[in-house]
Amino acid sequence: MMIETLATVESNRELAPGYRLLTVDFKQDVQVSPGQFAMLKAHASIEPLLRRALAVYGVQGSRRISFLYQVLGRGTEALAQVEKEASVEALLPLGNNWPVERAANQRAIVVAGGIGSASVLMLCKELAASSVDAQLFFGAASKNAATGCGLADLSALGLPLTLTTDDGSLGERGFVTAPLERHLREGAGAGATIYACGPWVMMKRVAEIAAQFEVRCLVSLEAPMGCGFGVCVGCVVAIKTDGPLGYDSYKRVCTEGSIFPAETIRWEVNAMTH
Amino acid sequence: MMIETLATVESNRELAPGYRLLTVDFKQDVQVSPGQFAMLKAHASIEPLLRRALAVYGVQGSRRISFLYQVLGRGTEALAQVEKEASVEALLPLGNNWPVERAANQRAIVVAGGIGSASVLMLCKELAASSVDAQLFFGAASKNAATGCGLADLSALGLPLTLTTDDGSLGERGFVTAPLERHLREGAGAGATIYACGPWVMMKRVAEIAAQFEVRCLVSLEAPMGCGFGVCVGCVVAIKTDGPLGYDSYKRVCTEGSIFPAETIRWEVNAMTH
Amino acid sequence: MAEAINHDPRLAIEIAGIRFHNPVIGASGTFGYGLEFAELIDLNRLGGFATKGLSARPLSGNPPPRIVETHGGMLNAIGLQNIGARAFIKEKLPQLRGYDTQIIANVFGYSDDDYIEAISILNDGEGIVAYELNISCPNVKEGGIVIGNSPESAARLTEKARRASTRPLIVKLSPNVTDVTLVARAIADAGADCLSLINTIVGMSVDVNTRRPRLSYGTGGLSGPAIRPIAVRMVYEVARAVDVPLIGIGGIACASDALEFIIAGATAIQIGTANYYDPTVTMKVIDGLSAHCQSNGIEKLNSITKSILTE
Amino acid sequence: MAEAINHDPRLAIEIAGIRFHNPVIGASGTFGYGLEFAELIDLNRLGGFATKGLSARPLSGNPPPRIVETHGGMLNAIGLQNIGARAFIKEKLPQLRGYDTQIIANVFGYSDDDYIEAISILNDGEGIVAYELNISCPNVKEGGIVIGNSPESAARLTEKARRASTRPLIVKLSPNVTDVTLVARAIADAGADCLSLINTIVGMSVDVNTRRPRLSYGTGGLSGPAIRPIAVRMVYEVARAVDVPLIGIGGIACASDALEFIIAGATAIQIGTANYYDPTVTMKVIDGLSAHCQSNGIEKLNSITKSILTE
Ligand SMILES: Cc1cc2nc3c(=O)[nH]c(=O)nc-3n(C[C@H](O)[C@H](O)[C@H](O)COP(=O)(O)OP(=O)(O)OC[C@H]3O[C@@H](n4cnc5c(N)ncnc54)[C@H](O)[C@@H]3O)c2cc1C
Ligand SMILES: Cc1cc2nc3c(=O)[nH]c(=O)nc-3n(C[C@H](O)[C@H](O)[C@H](O)COP(=O)(O)OP(=O)(O)OC[C@H]3O[C@@H](n4cnc5c(N)ncnc54)[C@H](O)[C@@H]3O)c2cc1C
Ligand SMILES: Cc1cc2nc3c(=O)[nH]c(=O)nc-3n(C[C@H](O)[C@H](O)[C@H](O)COP(=O)(O)O)c2cc1C
Ligand SMILES: Cc1cc2nc3c(=O)[nH]c(=O)nc-3n(C[C@H](O)[C@H](O)[C@H](O)COP(=O)(O)O)c2cc1C
Ligand code: FES
Ligand code: FES
């Protein structure tokens with residue numbers, strides 16, 4: 001059941017320059033699964049008009065939810081101004097969720113790029129609490145970005161974690177897809193599911209690697225969102241269908257996604273979005 | 001010399017519900033005369049676009065200026081949100097000023113209606129410090145409005161003050177024009193100048209009374225302002241000229257005003273504005 | 001059937017014999033097939049809604065990106081992605097009939113024949129109260145011509161649709177014209193029962209880093225509060241040019257916005273983009289209109305349609 | 001004479017033989033007679049500005065209220081209040097000649113003859129580099145016709161003005177048309193040296209309490225960021241239709257906005273409404289354009305005019 005409400009801000013603090021953690025009280029019970037998201041906006045703010053999509057980062061109790069976000073443009077800048085006790089307009093939970101099979105011999109490989117980490121923390125928590133053999137790859141632009149993207153929370157889970165930064169300021173230098181590829185080359189992909197969330201180019205590369213090593217791969221996609229609940233049909237992604245682009249070619253990221261099997265995505269058609 | 005700058009907010013506190021006092025530091029010397037105004041806007045706020053005209057309420061030292069304002073619509077609501085240390089975009093000083101002749105036998109009658117008080121506090125200060133025989137009439141909607149419109153500051157000047165409120169919650173019940181008329185009827189208008197600022201209907205009535213008793217009368221007008229510095233020609237008021245409305249018929253409130261001799265205004269032409 | 005609701009009788013209106021609980025209608029393309037709102041608002045309180053544009057056959061729409069936000073509005077080039085008239089009847093209408101609100105089928109085609117075919121299919125759909133012809137979508141110019149931009153082609157299609165339709169016909173006007181009253185008059189004369197206006201205004205936004213348009217289609221349709229003054233002006237002009245009732249559309253986000261259109265000449269209004277960022281906006285506008293009637297002693301809201309004072 | 005200024009050579013442009021320090025021009029009606037900005041910005045750094053619309057005789061303009069703010073923009077119905085062409089030459093030009101910036105005289109009339117008369121007067125004004133014909137003001141329809149809304153009347157006036165003028169001729173296009181390229185082509189063929197676009201879009205705002213339009217004139221012209229996507233689209237369309245240089249106008253408030261127009265097809269840009277709420281915006285845009293050249297290795301900004309990538 002979707003909840004459309006004014007939630008009260010409990011805190012909205014900077015984790016690192018350009019990255020913030022927003023915690024809001026919904027004053028009612030909210031059921032959220034890992035990978036789902038909300039549409040959020042500072043209450044009564046006139047510009048920008050549209051709410052912004054943010055993944056649910058964490059749930060405390062049944063009513064308090066936190067969001068980890070990067071301050072990029074007008075929408076997240078407006079959100080960054082919101083103070084304790086203020087209201088945010090919120091609609092949630094939205095989208096599908098990360099499916100976790102708990103079969104004993106199943107393996108999970110989580111790949112997070114940048115703020116894509118926000119979408120996978122709850123998943124990682126669930127994996128850490130389960131018997132699944134889970135491995136975490138996390139790439140960020142820099143040490144600052146890694147901190148801002150919740151490195152501390154991810155590390156605290158105790159899962160094996162491989163960290164890369166583009167500039168080498170923390171962990172291995174380079175893109176997160178490099179250690180992922182090594183890992184799979186070592187045969188670690190057998191029976192595994194890859195869960196990936198990050199920039200488009202990263203996910204595209206992860207999808208290629210997964211295909212190459214024949215590993216099941218799920219990606220959580222981003223798209224500019226008008227509504228978040230399926231009515232504007234603005235957030236679509238092109239999906240592989242038999243034959244040319246046709247009626248079934250586009251799926252809504254907000255409703256049929258945001259999580260899709262990587263091999264169903266027409267990566268080339270959507271390239272312009274990113 | 002006009003100053004266009006980012007000024008720093010020192011305080012922005014509520015005087016009474018719906019009324020606030022904003023004090024900003026210009027970090028440079030500013031020369032302002034009584035009756036002049038500024039165009040102000042919260043820095044980097046996207047909506048509304050246009051700055052709002054606010055009279056200079058007070059000057060502390062040479063760099064600190066305060067504005068008294070009523071929270072009415074989008075612009076003043078945005079201003080009400082501005083916090084200490086934040087920046088406001090400001091252009092000032094704008095418009096002409098209240099002329100004060102200090103001749104020994106000159107009399108001054110100041111009539112302020114509602115937030116019109118903001119435009120006359122500096123004038124009253126100057127009058128109080130001079131040898132002019134000054135009398136103050138102040139009307140507000142209610143006790144709350146009177147407080148919000150700076151009654152305490154006006155009273156503190158020690159000038160003879162007649163207060164009215166529309167609802168009788170403080171002072172005399174009714175409009176401020178009633179005691180003004182009584183006062184003039186008693187002959188107090190001889191050699192006097194009336195300085196009036198308030199709602200359009202009040203100023204129109206003051207102008208009529210002044211004409212009836214043949215007292216010189218100056219009014220500070222309001223108009224929707226696009227720019228405040230004379231380029232949009234949006235803020236005009238119709239002025240009496242010989243013959244029908246012609247080239248000279250309109251004067252800019254921001255540049256030729258905001259203070260005009262009451263008898264030059266075509267009150268009927270401008271009625272729709274108010 | 002729907003539960004009993006206390007509708008404010010002051011807000012009730014009638015257009016072409018169709019009774020609406022109130023003049024608040026969800027705009028086509030922003031209200032999906034209605035059902036998406038079932039969890040968010042009480043559809044039984046709504047005046048009605050217009051479906052996403054339905055064509056005879058399903059359409060895939062344009063590649064992404066399809067939307068981009070601008071100052072005070074957004075551009076879209078969805079390209080009329082829809083499930084098709086038949087699927088709408090089969091998959092959506094049965095559920096929709098459970099709600100006590102008026103369902104307007106918005107109809108789209110690339111040619112006159114396409115429109116007529118879609119209408120013929122929809123004529124069998126039980127529960128639809130009227131058609132709204134979208135002859136003004138800026139994002140699907142086949143051959144470069146938008147039917148709604150010329151009085152002649154608009155009148156021709158209206159006549160054909162009038163004959164094909166078993167239901168009242170609303171025609172939705174394009175704002176991308178020099179004189180909206182010319183097209184409006186031609187369409188009214190051709191037999192339309194009602195005009196709705198405006199559709200989106202053609203716009204473009206450029207990514208200065210990639211030097212590409214921000215929409216894959218290149219241009220898109222501008223909607224939202226930014227266009228409201230243009231829409232109000234067109235409703236004002238058309239109300240003086242034709243005698244059929246008007247539905248005002250464009251940037252409505254609160255009751256006062258809706259009242260601007262009503263006073264300028266609209267009998268009802270549609271809310272589009274605001275549904276995206278405020279999913280319960282229709283309910284808020286209905287409440288706001290009631291409040292306006294209350295505080296102004298208005299017994300019938302439709303008594304102030306076209307009450308604008310101009311000398 | 002003006003003091004020496006270090007102009008960024010990458011920003012220099014030429015239109016019809018006129019050299020501008022940079023492509024940033026103050027838009028007519030928002031820049032007064034230029035002198036109002038002398039205390040606020042360094043006029044010698046500005047590419048140029050267009051004067052408030054000048055007519056042969058002074059005009060009084062419309063009664064107040066003349067402006068009202070809307071979401072993302074404003075409506076105005078100033079009604080071309082101006083001091084007249086003669087007074088401009090006598091009272092303003094002598095002072096303006098002290099500045100090293102290009103002065104464009106924006107010209108307005110109610111009839112072809114009015115325009116020609118104004119141009120004849122202005123031909124004697126030393127220091128004017130070009131005329132911009134305002135054939136698209138929505139707030140002064142005498143007889144209900146806006147010359148700029150029809151290709152025929154626009155071309156006719158352009159031809160006459162071309163003959164009367166001793167200076168390059170810029171014609172300012174109306175956005176209130178079905179197909180802006182038709183008017184643009186007619187005007188270019190009739191001899192215009194440059195087209196500027198867009199003027200304001202006709203709009204209306206209603207006070208729901210008094211039930212009157214918020215402007216005394218009734219309707220007004222919409223300007224500001226709200227209209228930018230419409231303006232960018234029109235520049236894009238016209239750049240594909242004519243060969244003369246274009247000046248892009250509409251809602252520009254920062255360098256990135258200006259770049260959208262340039263990439264879409266403009267050689268220069270004008271800034272209007274933003275001057276009101278940010279009086280130094282022209283200087284900021286000039287600096288921002290330099291910064292963009294710097295960080296993108298652009299040697300001549302005009303090399304990216306019409307560089308938009310569309311497949
Ligand atoms: C399902 C989903 C979940 C998301 N979860 C999170 C999250 O948990 N934390 C978080 O920080 N962000 C998340 N995002 C991304 C977030 O929604 C965007 O960063 C945000 O919309 C940008 O808004 P803005 O107003 O700051 O930027 P805008 O002003 O809209 O744009 C600023 C810049 O960012 C670019 N941009 C805008 N939107 C996107 C986008 N969707 N993808 C890539 N670039 C974009 C623009 O091109 C522009 O350069 C999520 C997105 C989706 C679709
Ligand atoms: C020279 C001058 C000096 C001023 N000094 C002060 C001052 O010191 N303190 C102060 O509080 N106000 C002052 N004002 C008035 C102030 O500028 C307006 O109250 C303000 O612009 C309203 O902006 P807003 O965004 O709050 O309201 P808007 O959203 O613009 O409008 C809100 C409501 O107020 C009405 N309104 C808007 N502008 C005016 C106006 N100019 N006159 C009457 N009604 C209006 C609108 O019709 C609307 O109903 C002054 C105005 C001028 C011209
Ligand atoms: C994303 C989107 C899709 C739309 N699709 C349609 C459509 O299918 N048929 C139609 O007639 N109008 C369509 N419209 C136009 C709206 O119904 C409405 O006329 C327009 O958006 C102006 O109203 P608004 O400003 O309230 O959004 C669409 C608008 C948007 C924003
Ligand atoms: C108050 C005002 C007055 C204007 N007067 C004129 C004018 O006299 N002549 C003219 O050609 N354009 C005039 N314009 C139009 C502007 O020059 C410009 O084309 C339009 O405002 C769009 O640009 P903007 O969005 O940057 O303001 C005026 C605009 C405004 C807002
Ligand atoms: S965001 Fe509107 S349909 Fe997905
Ligand atoms: S406010 Fe622009 S001229 Fe007075």
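Below, chain A is the first sequence line, B the second, and so on; all start at residue 1.
Ranked by non-hydrogen atom pairs under 4.5 Å with chain D, the options S174(C), A226(C), G73(C), A264(C) are led by A226(C). In terms of heavy-atom pairs under 4.5 Å with chain D, the best-connected choice from G72(C), G218(C), P225(C) is P225(C). The candidate from P229(D), P175(D), A231(D) with the greatest count of non-hydrogen atom pairs under 4.5 Å with chain C is P229(D). In terms of heavy-atom pairs under 4.5 angstrom with chain C, the leader among D257(D), V68(D), V208(D) is V208(D). The most heavy-atom pairs under 4.5 Å with chain D, out of I230(C), N296(C), V235(C), L259(C), come from I230(C).
Residue L75(C) touches chain D through its side chain alone, counting heavy-atom pairs closer than 4.5 Å. Both the backbone and the side chain of S307(C) come within less than 4.5 Å of a heavy atom of chain D.
Heavy-atom proximity under 4.5 angstrom to chain D picks out nothing from residues 280-289 of chain C.
In this structure, CZ in R228(D) is found 8.0 Å from NE2 in H71(C), a value given to the nearest 0.5 Å. With rounding to the nearest 0.5 Å, the separation of CZ in R233(D) from CG in L222(C) is 10.0 Å. Atom CZ in R212(C) sits 12.0 Å away from atom CD1 in I263(D) (nearest 0.5 Å). Between the CD1 atom of I227(C) and the OG1 atom of T70(D) there is a distance of 12.0 Å, given to the nearest 0.5 Å.
Side-chain contact between P213(C) and I308(D) is present, with at least one heavy-atom pair separated by less than 4.5 Å.
The two atoms that bring E260(D) and M204(C) nearest to each other are OE1-O, 4.4 Å, heavy atoms only. When all heavy atoms are compared, the tightest approach of R211(D) to I298(C) is NH2-CD1, 3.6 Å.
Considering D179(D), T178(D), N149(D) in turn, T178(D) is the only one that fulfils the side-chain hydrogen bond (donor to acceptor under 3.5 Å, both in side chains) rule with T178(C).
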